[in-house]
Structures are given as structure tokens and as C-alpha cells.
Amino acid sequence: MKKLLQSLTLVICLTGVFQANAGTGISAARTAGAGSTVTVRGIVTVTNELGAITRFIQDSSAGLQIYDSKDTITRAGDSVEVSGKLVDYNNLLELSTVSSLTILSRNNPLPAPINLGFNAVYDEKYEGMLVTITGVTFSATGSFGGNKNYPVKQGTVGPHDVRILSTTDLVGAPIPAKAVDITGILGQYKTTYQLQPRSKQDFSYGNAPGLLTNIIQTRSSQTTLDLKFITKKQGNTVFYYGKTKALELGSVTDTTHTLIHTTFLTALSAATVYYVKAYTVSTAGDSSESGVQLFITESKSSGKITTYFNLSVDTTKARFEKAKQLYHTIDDSLVAYIKRARKTIDFAIYSFDNYNLNPNISQALNDAQKRGVLVRAVSDGNNKNQGILDLNSSIKVVRGPKSGLVYGIMHNKFIVIDANDTDANVPIVWTGSTNWTDNQIYSDADNVIIFQDQSMAKVYTIEFEEMFAGTFGPDKKDNTPHEVKVGGRRVEVFFSPSDGTTQGVINAINSANTDLYFSNFVLTRSDIAAAIKSRYYAGVFCAGILGDTTTSQYSSLYKVLQGRIRYFTGSGLFHHKYYIIDPSNPTSDPQVATGSHNFSTAAETKNDENMVIVHDSTVANVYYQEWINRYKDNGGSIYYTAVEEATPLISKDAAVISYRWAADQMALRFESANTGSAYVRLTDISGKTIYAGKLAVNSGLNTPSIDMPQMASGVYVLSIFLNGENHSFKIARF
């Protein structure tokens, strides 16, 4: 019997024979069955890897899940005594109504995992216990997703399920390409037993190095890719690569044995997809390898990013660029792009109903085809889509499957124009939350983001081709690059349900340092809600707007954020799907996550969706200009106030330095044990000197000011030479 996704598992091991008043052995407690009130003792075998308020306990006779809503802080190795009522949750026996939990001692050794054979351990008698399976292989390739089951076999025996929970560090880790041993807690959901590993450390690769990460792109240019991966044990480094799956361009090898493996692929072509495979061999001669991953070099395009909103924006909040509202005219812009198409138009659209749109999008597509442009379409299999029906009969349209238990909806809203044009300043990707319908363009709250970038266009074309060939939903593969450099900015790209989109968004949320905002049509994912609450508890200002308050995640966030979460009460749909991370902190890593992907389980596991995460201060600020108006329109009154100061910049025995902007001056603050002078230099982000000079420093508190007239908002570099040390910092002028 097993608790679903968010259970945090606690396993207690009874280390001796207890008197009746000290508790019952777990095996006896399990025999008592659901509805019984029991007291048991044991050793905790997980800390918080498998959920927020769930633990498993185990003694020498059996194991049991403890679901402690009081969230008593326990960790692996604690000896505990627990009292409460047993409950049957989808065939998982758990002690869920905890009346008391006492920690008896800490740092006890964990029980040895049960290792009786692959088939034998997937049995009711071992539910809730630590077990090990050996020499198993995965049928899946790529990266682990969260809250997903993966079948494994031991040779020809099996399959049985390994379940990866979203709370573990295994999410995003490579699925082993070779046989491994796995330790975990045996759980159950309905009729299926599931082995739940707690972390990457529960995977054993024998003498092989064992990959802890996939290949990670650290930097890129038009001619280079900097890549790395990390292993559990030391090995050499080999990267095979090519422009095809054959990896025909050869390999780069480093014979040094290490845990962190890096390489620099050079002499590459701009806006080109490269297939790469990592390989490593230990000193014992055992090898580990990754699957083949795709990466793309930077393009020669302008890299311009344009955003549009169809409702009002607050441009008084603009820092670098004013947000653009296209009231009733988003379709005009789309038609203008279509009219400029030279060779190809590929689009995937969920809802396309242009009864009243003027100009007519269907007519623009038909006209493009008549002038020789190759027009291709992918559409949802459930919607009638009058706009699709109005296309020329010679335009090929592929419809997604009907939604059901396996497939969801083809929910994308993107168009790719001239992806392979010889002029890098021609290709366009148009995406966001906006369907091509009257309501979406005229009245619903929506956004559009447009990339003039050939690398982005080629990435989206790969996804389009997969669907155009008839592959949708869970049948799709993780077969696109996820890192694109657009005009010097980092942009992450995810396509659902194959690419772990939810985890990408959670990673963005987790990176927030100062302020976090969200606009969601729907939010049903508890893992995303948990990430938001975690940043709130860490001191990050969090606020958001939801279009649907019927889910438990709305009430869950409402209890924590209170007045900072608002329900959309305007006309039409609140159709946005975006997050803004640190727009008030340019020296952090400001980001916007947006696209068609709703934050639901269907979007993560069944639907065809897309999501971009743009790492850019300007884009983050533009989306904030739209967000703040929706927030105020719906009663939001609690705001984050950016403090234009960083304290301390230097924190050493010699000095503490901070800065604050005041009108057209920058006030520095020195607290030094020494006297003398500090040399100060301020440059813009390109290196142009704004100010350079000496300032007197006395022992104790110093508060000199530097006149900085006519300085624009932006990011600057402050360099200070003080007490024999040179320090440089990025600072922000708001």
C-alpha cells in the first residue's frame, strides 16, 4: 500500500524486543490492519527525500509509512516511537493520524536493505522496508522525470517499477544506460509495488564511474560548445560528437581521471545542432556512458526578443524597455510576420477560430502558400478549429490524437518562419499563451513572445517535425536542445511531456533571491506550490494571480501568501502561464518562464506543450509591467519595494563596503580599521568608465559620495581597491 506523489517516507527499525507498554512490533501492528490504533518503534530511514511530511519506519520484522501532518522534524537514523491510527491508502498501509512522535535517540545505523532477489522483494511483506535490487536495466532513456514510474528488468525477468519522486535529486539525472543496483523503500499504489530510491546515492554502478548528471552545457558561441558531466567515481573523459546520431566528427579525450569531466568542442558551425555522447572508464576498466544529447551553437541572428500583451501594462515600472500592449491587434502583428515569410511556415496551434479576426490569419497563410511558401500545420485532434478548415486543401494538416487516458491535448501555440533561411536575420519563433481566436486576442489575458533567432527556430522545428510525423504526447522523445544562446542571453527550451518542463520551472522558482511573481491560468501541481512556499519561507517576496481557485493549491498558497495571492475577477479568461524571477534584482539572475504549458499534471504527462525560460533582466522587467497591472486590477495591494543597496559587498576584517543610490549620487559606506585611501572605478557593463578616483578612508565609519549625473538605469561594475585588496562587483541602478 503506497501514498502517492507527495509522501515523505519514514522507515523505523526496531532494534530490540519491547514490552507491551513500549510499543508493538511493526509486523504485529500491520497485522492489526487499517482502523487500528497502534504504537510502534523503529529507525528512520529517510530524512525528507521522499516528501515533506511522510516518513517510513522499519524494525526487524517489517516496515511502515508514517504520514505526520504535524511535520515533526526527523532524519534518517533517528530512533522514534510513534502512536496513531492505521489507514489504507490505495493499498498502502500507513500510520496517518499521528497522535505522538517521540525521538528516542539519533545517529543510529540504518537497517541493512533486504536483498533476496529481483522478484522476491516486490512483495507485501517488504512494503515500507529498505530493499535492494541488483543488475537491473531501464527500458527508458534520457533523464528521470519527477513522480514517474520506470520499468526495470533483471535480464529477462520482470519488469517491475522504480518510482522517481519529484522531491529527490534524481529528477533530471540521467537514466542509467547499463545495469545498476538500486536501493530504496518499497511502496505500493493500488496493485503495483514501486521501489522508491531516495537519492542518486541509492544507485550503485559497481567499479564503473557512474554518471550523476547528464551532459551540461556551460557556455556556447557560434563556433564552440563548453560541456561537462559529473560521475560518482573517477574516470577518464571522452566526448563523441557529430551532426548526426552517427557521431561522425570523432571524439575529444582527456586521460586524467576525475569526477568532474569537461571539454571544449571547437571549430563548429553557427546555429547548428550537434549530437554528443559522454563516455568514461575507471582505472578498473569499467565504463559508464550517457545517452546521445543534442546541443546547438549560437546563431548569427540579431537575437531580438519582442513581447506583446493584449491587456493594459504599467510602463511607469519600465527600467530598460516599455512593455507593449497590442489592444485587439496581436493578429495584425502575426499576419505581418506571415506576409514576410520567404520559404517556410510551420505552426502548431491548439485553438484557431478566426470568425471575426481582421485581418484573417487563415487568408494570410493561404496567400503565403500561393506565393510559394511551404505551409504546414499541426492542430489539436479534439477541436474543430474553423481556422484550420479555412486553409487551402493543399496545405497539409496533422491532427493530434483524441484525448483520453493516454493522450491529452495538442496545446501548443507556436509558429516558426523560415527556420533554415540563408539570412540569419530572417528566422522567427512566435510562442506564448495566446491562441488564434477572437476571445484570446481581444479579451482574455494573454502574452506573446517572439524570438528573431535561427537557433531557436531550428529547435522548434525539431519539435514540429516530431508531431508532423504523427508522434504526440507520451510517445514523444526528449530529442531537442534545451539551451539556446539568443543575443547573448541564456534561454532554456522545454517541450512537454518528454522534457521535464515542470522541473525546469521549479528550478527557476528555486533560484529566486529577492522577488517572485506568477500569473497562472491554473495551478494544480503541488510540487510547484511547494517551491513557491519554500521561497516565501526563505524571505523571498512572493505574489501571484490565478484564474482558477477551485484547486487545493490555490487554498494552500492562499494560507501562506494571504493577501499576496489574487483571484482574477476580470472579464474573459486569465490565460497567462508565466513566472517572473527577481525582476527587481538585476544582479541576481532575472528570468521569465512562459509558454503554452499550464501548471498541471496533464500538461506535464499527456499534453503537447512548450515553455521557454528567458534569463534576461529586460524581459523580466517587461513582464513585470504587465503583471503589476493585473495584480492591481484584482485587488493586489501588498508590494515588494526594491532596496537599492547591497550590504556588505566586502565582508572581511579589513573593511565592510556597501553602496546606495541617492538622486544623482552614489553613496559609499566604508567601515575600516585602517586609514588611507580607496581607489574607486565605476564602469558600465561594456567596460566604459563612468567614474574613477580616490576617496579618503578614515578609521571607523566613512560615508563619501560620488556625483553620478545622468546615469541611466542598468547594471554597472564597481571596482574598489582598499587595504591592499581589489574587489569588483556588479551593482544595479534603478
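Under 3.5 Å, the side chains of Q452 and S302 contain a donor-acceptor pair of N or O atoms. Looking only at atom types and distance, the side chain of D589 has a donor-acceptor partner in the side chain of Q591 under 3.5 Å away. A donor atom on one side chain and an acceptor atom on the other are found under 3.5 Å apart for T601 and R525. Checking E248 against T244 by side-chain atom types alone, a donor-acceptor pair falls below 3.5 Å. In the model, H576 has a side-chain atom that pairs as donor or acceptor with a side-chain atom of N447 under 3.5 Å. Side-chain atoms of Q194 and H160 include no donor-acceptor pair closer than 3.5 Å.
When the side-chain contact (heavy atoms from CB on, under 4.5 Å) test is applied to L311, the partners found at least two apart in sequence or on another chain are A445, R630. Residues satisfying the side-chain contact (heavy atoms from CB on, under 4.5 Å) test with R340, not counting sequence neighbours, are A336, Y337. With sequence neighbours excluded, the residues that form a side chain to side chain donor-acceptor pair (under 3.5 Å) with K178 are S287. Partners of D226 by salt bridge (Lys or Arg N to Asp or Glu O under 4.0 Å), not counting sequence neighbours, listed by chain and number: R219. Partners of A457 by side-chain contact (heavy atoms from CB on, under 4.5 Å), not counting sequence neighbours, listed by chain and number: V416, A419, P427, V429. In this view, Y241 satisfies the ring-ring contact (aromatic ring centres under 6.0 Å, His included) rule with no residue, not counting sequence neighbours. Contacts of N425 classified as side chain to side chain donor-acceptor pair (under 3.5 Å), with partners at least two apart in sequence or in another chain: none. For the side-chain contact (heavy atoms from CB on, under 4.5 Å) test, residues two or more places apart in sequence or in another chain that qualify with P401 are Y407, F472. For E483, the salt bridge (Lys or Arg N to Asp or Glu O under 4.0 Å) test picks out R490, with sequence neighbours left out.
When all heavy atoms are compared, the tightest approach of S351 to N385 is CA-OD1, 3.3 Å. In plain terms, the two heavy atoms of A368 and I338 that are nearest each other are CB-CG2, 4.2 Å. Minimum heavy-atom separation, R399 to D380: NH1-O, 3.0 Å. When all heavy atoms of H328 and D331 are compared, the pair lying nearest together is O-OD1, 3.4 Å.
Around CG of L389, the count of heavy atoms belonging to other residues, nucleotides or ligands within 6.0 Å exceeds 12.
The backbone N or O of V238 sits nowhere less than 3.5 Å from a side-chain atom of T263 that would complete a donor-acceptor pair. Remark: the backbone N or O of S433 is not paired with any side-chain donor or acceptor of S596 at under 3.5 angstrom. Between the side chain of S362 and the main chain of G387, a donor-acceptor pair closer than 3.5 Å is present. For the pair Q386 (side chain) and D353 (backbone), a donor-acceptor distance under 3.5 Å is absent. Not one N or O on the side chain of Q553 forms a donor-acceptor pair closer than 3.5 Å with the backbone of A529. With hydrogens and angles ignored, the 3.5 Å screen pairs no side-chain donor or acceptor of T224 with any backbone N or O of S220. Side chain of S301 to backbone of G303: no donor-acceptor contact under 3.5 angstrom is found.
The side-chain heavy atoms of S269 and Y274, taken from C-beta on, include a pair separated by under 4.5 Å.
Residues F494 and H482 bring their aromatic ring centres within 6.0 Å. Aromatic pair F518/Y578: centroids not less than 6.0 angstrom apart. Remark: aromatic rings of F347 and W430 are distant, center separation not under 6.0 Å. For an aromatic pair to be called close, the ring centres must be under 6.0 Å apart, and F239 with Y279 fails this.
Here the OG1 atom belonging to T306 is positioned 9.0 Å from the CD1 atom belonging to I449, to the nearest 0.5 angstrom. Taken to the nearest 0.5 Å, the CG atom of N479 stands 12.0 Å off from the CD atom of Q293.
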For residues 137-146, tabulate all N or O donor-acceptor pairs below 3.5 Å that involve a side-chain atom, not counting sequence neighbours.
| residue | atom | partner | partner atom | Å |
| --- | --- | --- | --- | --- |
| S143 | OG | N214 | ND2 | 2.5 |

- What's the verdict on side chain to side chain donor-acceptor pair (under 3.5 Å) for N607 and S496, showing C-alpha distance, side-chain angles and the deciding distance? CA-CA 7 Å; N607 296 353; S496 306; over 6 Å; no
- Query: How far apart are the C-alpha atoms of S394 and Q369, what are their side-chain angles, what is the distance that settles it, and do they pass the side chain to side chain donor-acceptor pair (under 3.5 Å) test?
  - Reply: CA-CA 9 Å; S394 54; Q369 191 210 32; 2.7 Å; yes
- Are D346 and R376 close enough, and set up right, to give a salt bridge (charged side-chain N to carboxylate O under 4.0 Å, His left out), and what steps lead you there? CA-CA 5 Å; D346 294 328; R376 303 185 298 172; 2.9 Å; yes
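Between K200 and D169 there is no salt bridge, since none of the side-chain N atoms of the basic residue sits less than 4.0 Å from a carboxylate O of the acidic one. In this structure, D161 does not pair ionically with R163, as no charged nitrogen and carboxylate oxygen lie closer than 4.0 Å. Remark: K477 does not engage E463 in a salt bridge, criterion side-chain N to carboxylate O under 4.0 Å. Remark: R342 engages D421 in a salt bridge, criterion side-chain N to carboxylate O under 4.0 Å.
Judged by the 6.0 Å distance and 45° axis criteria, K396 is positioned over the aromatic ring of F468.
Residue pairs meeting the salt bridge (Lys or Arg N to Asp or Glu O under 4.0 Å) criterion with at least one member in residues 442-454: none, sequence neighbours excluded. For residues 591-612, the set of pairs meeting the salt bridge (Lys or Arg N to Asp or Glu O under 4.0 Å) definition, not counting sequence neighbours, comprises K476-D608.
Using a 30° and 60° split on the angle between ring planes, W627 and Y517 fall in the tilted class, from 30° to 60°. Between Y579 and F599, the angle of the ring planes goes over 60°, which puts this pair in the perpendicular group of the 30/60° scheme.
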